[in-house]
*Asks:* 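Let me give you the structure first, and then I'll get to my questions.
None of the values given here were measured: they were computed from a predicted structure.
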Amino acid sequence: MIRGHAKSILPFPYFAVWNRVTEAYHGRAETMIKFKKQLSPWKEKSATVYLAVVSLCLNAVLLFLASDVITYGGFFADEGKRTLHQTKDMVADLVHGLDLSSFDTPKSSLFHTVLECVLDPIKNEPTVAEEENTNSSAPSLSILHLLSVPTLHKLNARLQSQAEAKSSVISFLLQPITNEHNFQYVHNPSHACAHGKTDVLFVVPSAPDNFDNRIKTRTGKKGEYVGHKGHNAKMVFFLGLPASEKGAKIQTLIDIEAGLYGDIVQETFEDVYANIRHKSVSMLKWASTFCQQATYVIRTDDDVMVDIPKVYAVMRRKHQQFTDFIVGDRKDNWEPVRETDSKYYLSEQEYAPSTLPPFALGGLLGFPISTVSLLYQAALRTKPIWLDDVYITGMCARNVDVPLLKDKDFKFKHREW
């Protein structure tokens, strides 16, 4: 390992972390233990310092993979060399192909750096073909040589699976757009996120005549949170055109409200329940177009109670594990409603399978802004169904390989005004 090389690829303060890894790698037990305690509450192991550091580095390499048990198999015999090099090449291809260093998170920076630590000792080793024509048997100092052959096979398979998933997403996004969302804006506060930092953008779907709900949302806990300068939060309501007989009068009141508060996004689709998919896509489109600098987007209905500090803490915690994700009240193995008189009726012509994909209820959803952009692009290319929560969090998310997560602290409750 070369500290100068690490410094060139790691932003401060991760260079300091790299120094501690380097010192531990060279056998300084006290520094290693301190580093382990800072990263996570791992239990002390009754292994040697060297094996503990090996475990530390391997856990960092596998930050984006499932946490399988790492086994120690000694140095490889000849039969393991091919798997070793295949794994090395797969890791290197994955890093370069996905450009993990561009993801500005501590996890991806550490992942990239430890990969350099792991792969650097074998960068100049001969290829498998070259080794087959040489009698050299000098052992490598690469950490990968300490893995058993079965573990390397697992690592190789997981990396291959990740690469295939990313390739599938790219292929999907290269497909032509089939669901244009080309409604016009009646009201568009396009500069709502233009000034100052935006950590959280609240997007709130609302019926055109829900004036009281919007006022209570502005003056309630969400409004208080947004009004606190230290929270760097914005909130925008999303409406379609009123469809009732009093539509003209309602629209006049909306026009006044939009001018007064500057937080109404209204598009020209008819705002009826059967068009809720259009409203959901309008939120994805607006956020990814006019609030790209936001860190997180939280969708919450205008009639629900939310513990915002807890919800925000969940978002940050999940972002330490995933670059893209949806978090919400996840539902699995639900069946579509086939009764024609039901509010949630879904015909077999519109959706043929007998089971819905895993999805999350739309009352409260959270995403990083990068996920919002992915979901919007997916919505332009995924065969639509009218149930927006199933469509966005189930079907579109699956097409762009976005995981759907749940958390006991990420919950909502409907109000009784």
*Asks:* Can you tell if the side chain of Glu267 reaches within under 4.5 Å of the side chain of Gln184, non-hydrogen atoms only?
*Replies:*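 Side chain of Glu267 against side chain of Gln184, heavy atoms only: no contact under 4.5 Å found.
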*Asks:* Is the count of non-hydrogen atoms from other residues, nucleotides or ligands lying under 6.0 Å from Lys411 atom NZ greater than 12?
*Replies:*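 No, the 6.0 Å shell around NZ holds no more than 12 heavy atoms from other groups.
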*Asks:* Distance alone, cut at 3.5 Å: any donor-acceptor contact between the side chains of Asn213 and Asp303?
*Replies:*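 There is no such pair (donor and acceptor under 3.5 Å, judged by atom type) between the side chains of Asn213 and Asp303.
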*Asks:* Less than 4.0 angstrom from a charged side-chain N to a carboxylate O is my criterion; do Lys197 and Asp199 meet it?
*Replies:*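 Looking at Lys197 and Asp199, the cut-off is met.
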*Asks:* Might you confirm whether atom OH of Tyr345 has over 12 heavy atoms from other residues, nucleotides or ligands at distances under 6.0 Å?
*Replies:*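 Atom OH in Tyr345 is crowded, with more than 12 foreign heavy atoms closer than 6.0 Å.
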*Asks:* Check Thr393 against Ala360 and note the closest heavy-atom contact, atom names and distance.
*Replies:*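 Scanning both residues completely, I find the closest heavy atoms to be OG1-N, 2.9 Å.
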*Asks:* Is it true that the side chains of Lys234 and Thr198 contain a donor and an acceptor less than 3.5 Å apart?
*Replies:*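 Yes - a donor-acceptor pair under 3.5 Å links their side chains.
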*Asks:* Given Tyr273 and Trp386, is the ring pair (Phe, Tyr, Trp, His ring centres under 6.0 Å) satisfied, shown in steps?
*Replies:* CA-CA 9 Å; Tyr273 196 59; Trp386 76 274; 5.4 Å; yes
*Asks:* Does Val311 reach the side chain of Leu364, with side-chain heavy atoms less than 4.5 Å apart?
*Replies:*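 The answer is yes; the side chains approach within 4.5 Å.
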*Asks:* Is it the case that the ring center of Trp334 lies less than 6.0 angstrom away from the ring center of Phe359?
*Replies:*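 Between Phe359 and Trp334, the centre distance is under 6.0 Å.
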*Asks:* Side chains of Val265 and Tyr185: does their closest heavy-atom pair fall under 4.5 Å?
*Replies:*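 Yes, their side chains come closer than 4.5 Å.
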*Asks:* Whether the side chain of Tyr351 engages the backbone of Thr355 through a donor-acceptor N/O pair (distance < 3.5 Å, no angle test) should be reported.
*Replies:*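 Between the backbone of Thr355 and the side chain of Tyr351 there is a qualifying donor-acceptor contact (under 3.5 Å).
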*Asks:* Locate the shortest heavy-atom distance separating Val304 from Gly363; write the atom from each residue and the value.
*Replies:*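 Closest approach of Val304 to Gly363: CG2-O, 3.9 Å.
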*Asks:* Which is it for His187 and Ile254 under the side chain to side chain contact (heavy atoms under 4.5 Å, CB included) test, yes or no, and what are the steps along the way?
*Replies:* CA-CA 9 Å; His187 295 289; Ile254 291 172; 4.2 Å; yes
*Asks:* With sequence neighbours left out, write down each residue that passes side chain to side chain donor-acceptor pair (under 3.5 Å) with Ser282, or none if nothing qualifies.
*Replies:*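 With neighbours one apart ignored, the set is empty.
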*Asks:* Between Asp212 and Arg214, is there a side-chain N and carboxylate O pair less than 4.0 Å apart?
*Replies:*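 The answer is no: the pair does not qualify as a salt bridge.
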*Asks:* Between Arg381 and Gln377 (side chain of the first, backbone of the second, donor and acceptor by atom type, cut-off under 3.5 Å), is there such a pair?
*Replies:*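 Yes; at least one donor-acceptor contact below 3.5 Å.
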*Asks:* State whether the side chain of His228 and the backbone N or O of Gly230 hold a donor-acceptor pair below 3.5 Å, judged by distance alone.
*Replies:*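 Checking the backbone N and O of Gly230 against the side chain of His228, a donor-acceptor pair under 3.5 Å is found.
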*Asks:* Establish, from distance only, whether the side-chain atoms of Arg299 and Ser280 form a donor-acceptor pair under 3.5 Å.
*Replies:*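 Yes, Ser280 and Arg299 have a side-chain donor paired with an acceptor closer than 3.5 Å.
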*Asks:* Could you tell me the separation between the CG atom of Leu365 and the CD1 atom of Ile392, rounded to the nearest 0.5 Å?
*Replies:*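 Between Leu365 CG and Ile392 CD1, I get 9.5 Å after rounding to 0.5 Å.
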*Asks:* Should the pair Asp388-Lys279 be classified as a salt bridge under the 4.0 Å nitrogen-to-oxygen rule?
*Replies:*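 A salt bridge is absent here (no side-chain N lies under 4.0 Å from a carboxylate O).
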*Asks:* So, Lys406 and Asp329, do they make that salt bridge, N to O below 4.0 Å?
*Replies:*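 Looking at Asp329 together with Lys406, the answer is no, because their closest N to O distance does not fall below 4.0 Å.
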*Asks:* Between CH2 of Trp286 and CG of Leu284, what distance do you get to the nearest 0.5 Å?
*Replies:*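 Reported value, rounded in 0.5 Å steps: 12.5 Å.
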*Asks:* Determine whether a donor-acceptor pair (N or O, by modelled atom type, separation under 3.5 Å) exists between the side chain of Arg330 and the backbone of Pro358.
*Replies:*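 Side chain of Arg330 to backbone of Pro358, a donor-acceptor pair under 3.5 Å: no, none is there.
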*Asks:* Given 3.5 Å as the limit, does a donor-acceptor pair link the side chain of Glu270 with the main chain of Ala243, or not?
*Replies:*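 No.
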*Asks:* If you compare all heavy atoms of Leu374 against all heavy atoms of Val400, which two are closest, and at what distance to 0.1 Å?
*Replies:*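 Minimum heavy-atom separation between Leu374 and Val400: O-CG1, 4.0 Å.
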*Asks:* Do the side chain of Gln292 and the main chain of Ser288 share a donor and acceptor less than 3.5 angstrom apart?
*Replies:*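 Side chain of Gln292 to backbone of Ser288, a donor-acceptor pair under 3.5 Å: yes, one is there.
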*Asks:* What are the two closest heavy atoms between Met395 and Lys383, and how far apart are they?
*Replies:*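 Minimum heavy-atom separation between Met395 and Lys383: CE-O, 3.4 Å.
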*Asks:* Hey, do the aromatic rings of Phe183 and His181 have their centres closer than 6.0 Å?
*Replies:*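 Yes.
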*Asks:* What do the steps show when you test Val314 against Val327 for side chain to side chain contact (heavy atoms under 4.5 Å, CB included), and what is the final call?
*Replies:* CA-CA 9 Å; Val314 170; Val327 60; 4.1 Å; yes
*Asks:* Quick one: pull up CG in Asn399 and OG1 in Thr382 and give me the separation to the nearest 0.5 Å.
*Replies:*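 Output value for this atom pair is 4.0 Å.
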*Asks:* Does the side chain to side chain contact (heavy atoms under 4.5 Å, CB included) test come out yes or no for Met235 and Asp263, once each step is laid out?
*Replies:* CA-CA 7 Å; Met235 181 165 63; Asp263 60 1; 5.5 Å; no
*Asks:* Counting distance only, does the side-chain N/O of Asn179 pair as donor-acceptor with the main-chain N or O of Ala379 below 3.5 Å?
*Replies:*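 Answer holds: yes.
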*Asks:* Keeping the roles fixed (side chain from Tyr225, backbone from Gly220), state whether a donor-acceptor pair exists under 3.5 Å.
*Replies:*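 No; judged by distance alone, with no hydrogens or angles, the pair does not exist.
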*Asks:* Answer whether the closest heavy-atom distance between the side chains of Lys221 and Val306 falls below 4.5 Å.
*Replies:*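 Not in contact.
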*Asks:* Could you tell me the separation between the NZ atom of Lys285 and the CG atom of Leu380, rounded to the nearest 0.5 Å?
*Replies:*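 Atom-to-atom, Lys285:NZ and Leu380:CG are 8.5 Å apart.
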*Asks:* So do Asp302 and Pro205 actually touch side chain to side chain, heavy atoms under 4.5 Å?
*Replies:*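 A side-chain contact under 4.5 Å is absent here.
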*Asks:* Do Asp307 and Pro309 come within less than 4.5 Å of each other through their side chains, counting heavy atoms only?
*Replies:*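 Result yes, sub-4.5 Å side-chain heavy-atom pair found.
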*Asks:* Closest approach of Pro357 and Arg398, non-hydrogen atoms and distance?
*Replies:*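 In this case the closest contact between Pro357 and Arg398 is CB-NH1, 3.8 Å.
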*Asks:* Tell me, do Val236 and Phe202 make a side-chain contact under 4.5 Å, heavy atoms counted?
*Replies:*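 Sidechains of Phe202 and Val236: no contact.
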*Asks:* Measure the spacing between NE2 of His278 and CZ of Phe238 and express it to the nearest 0.5 Å.
*Replies:*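 So the NE2 of His278 and the CZ of Phe238 are separated by 16.0 Å.
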*Asks:* Are His319 and Tyr296, when compared by the centres of their aromatic rings, separated by less than 6.0 Å?
*Replies:*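 Ring centroids of His319 and Tyr296 are less than 6.0 Å from each other.
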*Asks:* Can you list the steps and then say if Asp407 with Arg317 is a salt bridge (Lys or Arg N to Asp or Glu O under 4.0 Å)?
*Replies:* CA-CA 10 Å; Asp407 191 284; Arg317 188 164 64 247; 3.0 Å; yes
*Asks:* Walk me through it: do Ile264 and Leu239 pass the test side chain to side chain contact (heavy atoms under 4.5 Å, CB included)?
*Replies:* CA-CA 7 Å; Ile264 299 290; Leu239 290 63; 4.1 Å; yes
*Asks:* With side chains defined as the heavy atoms from C-beta onward, is the minimum distance between Phe237 and Val203 less than 4.5 Å?
*Replies:*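 No - every pair of side-chain heavy atoms lies 4.5 Å or more apart.
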*Asks:* Got a salt bridge between Arg218 and Glu224, using NZ or NE/NH1/NH2 to carboxylate O under 4.0 Å?
*Replies:*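 Salt bridge flag = no for Glu224 with Arg218.
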*Asks:* Under 3.5 Å, side chain of Asp389 to main-chain N/O of Leu361, donor-acceptor pair present?
*Replies:*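 No, the answer is negative, given that no donor and acceptor are paired below the 3.5 Å cut-off.
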*Asks:* Just how far is it from atom CG of Leu201 to atom CE of Met283, taken to the nearest 0.5 Å?
*Replies:*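 Atom-to-atom, Leu201:CG and Met283:CE are 10.5 Å apart.
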*Asks:* For the side chain of Asp324 and the backbone of Thr371, is there at least one donor-acceptor N/O pair under 3.5 Å apart?
*Replies:*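 Looks like yes, one N/O pair under 3.5 Å.
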*Asks:* Does the side chain to side chain donor-acceptor pair (under 3.5 Å) test come out yes or no for Ser347 and Arg338, once each step is laid out?
*Replies:* CA-CA 6 Å; Ser347 70; Arg338 302 302 191 190; 5.9 Å; no
*Asks:* At their closest point, which heavy atom of Met315 faces which heavy atom of Val297, and how far apart are they?
*Replies:*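 Scanning both residues completely, I find the closest heavy atoms to be CE-O, 4.3 Å.
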